[in-house]
Amino acid sequence: MEMRGMMGGFYKISEWIMRLSVTNILWILCSIPFVFFLFTALVLSQDESQLYSTLILGAVVAPFTFFPATAALYAVVRKWIMGEVDAPLLKTFFRGYKDNYVQSMFGGLLYTLLFVIMFVDYKVYLNELNNFQLLSYVFIGLMFLLFVSMFNFFSMMVHYHMKLFQLIKNAILITIGRPFRSLSTVIVSGGILFVSFQFTFLIPFFMGSLIGVVSFYNFHLIYLKLKDQQERAEAQKQEEEEDVEISEDVRK
């Protein structure tokens, strides 16, 4: 029997708290090596050299831990956005982890490699080539673009069946082609990060899952719009073909 009124509202809220927190905890547990190195770099590093060395170790383990775990998180979030809010959390998460592990791992390797290359170029142009320091800001922009495209990369991975290079290419193209939607994802996700670091108890329970919900929701809106445009184009093409057939029949 479905609860109604205030008790029904509290019940639904408690259900969503449970869904978000369980998914977020699973995501963190499956990303523990990456989370450890990131925490060490950001909190415990005493100088720039230690910071960079720890971040390098984090980058090494990220493709094997963080990327598959994030793909699994997005697999759960996709179910929610598509209306399957009662999908079993553990089963959906670990099925998403297993099904997307290889593709997310290789995607993580490519993303990590691109980030490293761009960061090295940024440091070279900033510190070594004094006459070209302005170009260092170009690499900051490229790293930002690449970072934002990761939201669409994970969303597309769990929503489409595509080859890896198609996923990365389309994720970047959607990020560029839908700048306002991409910017809204970044702004809201940044707000979630800011609040989470102000109230740190939110980090292990809600931070990642909330960002996943926001980013996949925005991606799904883009997907629906693109689908609608495609259907309209196909309908228009069909009408034109029918008009051509009618004109040919009239001539006969």
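The hydrophobic clustering, which links ILVMFWY residues whose side-chain heavy atoms are closer than 4.5 Å, places Ile222 and Ile176 together. Both Trp16 and Trp27 are part of a single hydrophobic cluster, where members link through side-chain heavy atoms under 4.5 Å apart. By the rule that hydrophobic residues join a cluster once side-chain heavy atoms approach within less than 4.5 Å of another member, Leu113 and Met105 end up as members of separate clusters.
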Please tabulate, for side-chain N and O atoms in residues 204-219, each donor-acceptor pair with protein atoms closer than 3.5 Å (sequence neighbours left out).
{"unit_1": "Ser209", "atom_1": "OG", "unit_2": "Leu20", "atom_2": "O", "d": "3.0"}
{"unit_1": "Ser209", "atom_1": "OG", "unit_2": "Phe206", "atom_2": "O", "d": "3.2"}
{"unit_1": "Ser215", "atom_1": "OG", "unit_2": "Tyr74", "atom_2": "OH", "d": "2.5"}
{"unit_1": "Ser215", "atom_1": "OG", "unit_2": "Ile211", "atom_2": "O", "d": "2.9"}
{"unit_1": "Ser215", "atom_1": "OG", "unit_2": "Gly212", "atom_2": "O", "d": "3.2"}
{"unit_1": "Asn218", "atom_1": "OD1", "unit_2": "Arg181", "atom_2": "NH1", "d": "3.1"}
{"unit_1": "Asn218", "atom_1": "ND2", "unit_2": "Ser184", "atom_2": "OG", "d": "3.2"}
{"unit_1": "Asn218", "atom_1": "ND2", "unit_2": "Thr185", "atom_2": "OG1", "d": "2.7"}

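With a 4.5 Å cut-off between side-chain heavy atoms of Ile, Leu, Val, Met, Phe, Trp and Tyr, the cluster of Ile187 takes in Leu183.
Closest approach of Asn100 to Ala71, counting heavy atoms only: CB-CB, 3.9 Å. Nearest heavy atoms, Val61 versus Thr65: O-OG1, 2.8 Å.
With Ser189 contributing its side chain and Val186 its backbone, the two residues share no donor-acceptor pair below 3.5 Å. When atom types are taken as modelled, the side chain of Arg19 and the backbone of Leu89 share no donor-acceptor pair closer than 3.5 angstrom. Between the Ser31 side chain and the Ile28 main chain, no donor and acceptor come within less than 3.5 Å of each other. Of the possible polar contacts, none joining the Thr112 side chain to the Leu109 backbone as a donor-acceptor pair under 3.5 Å is found. Formation of a donor-acceptor pair under 3.5 Å by the Gln166 side chain with backbone atoms of Lys163 is found in this model. Distance alone, capped at 3.5 Å, is enough to place a donor-acceptor pair between the Gln103 side chain and the Met162 backbone.
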Item to complete: Before giving the answer on ring-ring contact (aromatic ring centres under 6.0 Å, His included), spell out for Phe139 and Tyr122 the whole-Å C-alpha distance, their side-chain angles and the decisive distance to 0.1 Å.
Response: CA-CA 6 Å; Phe139 289 101; Tyr122 160 73; 8.2 Å; no

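For the pair Ile174 and Phe153, the minimum side-chain heavy-atom distance is 4.5 Å or more. For the pair Val102 and Pro68, the minimum side-chain heavy-atom distance is 4.5 Å or more.
Between Phe115 and Phe119, a ring centre-to-centre spacing not shorter than 6.0 Å is recorded. Checked against the 6.0 Å centroid threshold, Phe154 and Phe67 count as a close aromatic pair. Between Tyr160 and Tyr223, the ring center distance clears the sub-6.0 Å criterion.
Between Tyr101 and Tyr97, the ring-plane angle classifies as tilted under the 30° and 60° cut-offs.
With sequence neighbours left out, Phe147 forms a ring pair (Phe, Tyr, Trp, His ring centres under 6.0 Å) with Phe151.
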